Amino acid sequence: IFIFFLVASHVEQSAARQCLDHAVPEGQRLNVTLDGVSVPIGIASGNWNSVELVSKIFGILVSEVVGYHVVDGLEQGSAEMIYRLSGCPPSMQSINECWKSP
């Protein structure tokens, strides 16, 4: 639980700045092109802790390591997240989840 708290607080505090020492600078990040339209990678996130944490970590990796612009989308439940991934506006390209194995 303590490690989870440390990671979660670090992710929350670093939303406005780079987290990694050798991050791709924001001005050098790219968009993806979908049907001729340049857009950031959309990350659909639910309103529960496990998906929020995994989505933030994924966003940091995609933006700072891979070098793409990302945008977060907060959804109220799994059905809404699937709608966004399937292309319903505003479209998202990623859904992340984390479960504890039995």
Side-chain angles (χ1 to χ4, degrees):
I1 294 173
F2 180 70
I3 293 172
F4 174 78
F5 174 75
L6 286 177
V7 171
S9 65
H10 178 69
V11 168
E12 190 65 34
Q13 292 172 359
S14 17
R17 63 179 173 85
Q18 293 182 168
C19 294
L20 306 175
D21 292 336
H22 302 289
V24 175
E26 189 170 348
Q28 295 178 9
R29 296 178 192 165
L30 306 170
N31 284 336
V32 293
T33 302
L34 302 170
D35 295 328
V37 178
S38 179
V39 296
I41 294 177
I43 302 172
S45 177
N47 60 354
W48 54 97
N49 292 339
S50 63
V51 73
E52 288 178 20
L53 179 63
V54 172
S55 294
K56 291 290 185 190
I57 293 170
F58 180 73
I60 291 168
L61 293 175
V62 169
S63 62
E64 296 190 15
V65 175
V66 182
Y68 284 96
H69 291 289
V70 297
V71 63
D72 297 323
L74 180 62
E75 307 302 333
Q76 295 303 308
S78 298
E80 290 83 4
M81 290 169 56
I82 296 298
Y83 295 149
R84 300 298 171 247
L85 189 62
S86 67
C88 296
S91 172
M92 298 287 156
Q93 290 75 42
S94 172
I95 296 176
N96 304 287
E97 182 59 276
C98 178
W99 291 87
K100 179 182 174 188
S101 61

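These figures come from a predicted structure and were not determined experimentally.
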query = For residues 31-42, which residue pairs qualify under salt bridge (charged side-chain N to carboxylate O under 4.0 Å, His left out), counting only residues two or more places apart or in two chains?
reply = none
Short side-chain donor-acceptor distance under 3.5 Å, Glu52 and Asn47 = no
request  = Establish whether Ile43 and Val66 are linked, either directly or via other cluster members, by ILVMFWY side-chain heavy-atom contacts under 4.5 Å.
outcome  = yes
query = Hey, what do you get for CE (Met92) to CD1 (Ile41), rounding to the nearest 0.5 Å?
reply = 12.0 Å
inquiry  = To the nearest 0.5 Å, what is the distance between OG on Ser55 and CE on Met81?
reply    = 6.0 Å
note = For Gln93 and Gly42 the tightest heavy-atom approach is OE1-N, 2.5 Å
ask   = With distance as the sole test, does His69 use its side chain to make a donor-acceptor pair with the main-chain N or O of Arg29 at under 3.5 Å?
value = yes
Student check: side-chain heavy atoms of Ser78 and Trp48 closer than 4.5 Å = yes
task = With sequence neighbours excluded, tell me which residues meet side chain to side chain contact (heavy atoms under 4.5 Å, CB included) with Val71.
result = Pro40
ask   = Roughly how far, to the nearest 0.5 Å, is the CG atom of Leu61 from the CD1 atom of Ile57?
value = 7.5 Å
ask   = Same hydrophobic cluster for Phe58 and Tyr68, using side-chain heavy-atom links shorter than 4.5 Å among ILVMFWY?
value = yes
inquiry  = Assigning hydrophobic clusters by single linkage (Ile, Leu, Val, Met, Phe, Trp, Tyr; side-chain heavy-atom cutoff under 4.5 Å), is Val54 placed with Val65?
reply    = no
ask   = Is there a donor-acceptor pair under 3.5 Å between the side chain of Glu64 and the backbone N or O of Leu20?
value = yes
ask   = Side-chain heavy atoms under 4.5 angstrom apart, residues restricted to Ile, Leu, Val, Met, Phe, Trp, Tyr: same cluster for Leu74 and Val51?
value = no
key: Flag side-chain contact, heavy atom, 4.5 Å: Val70 against Ser63   = yes
message = Restricting to side chain to side chain contact (heavy atoms under 4.5 Å, CB included), what partner residues turn up for Gln28, sequence neighbours left out?
response = Val24, Pro25
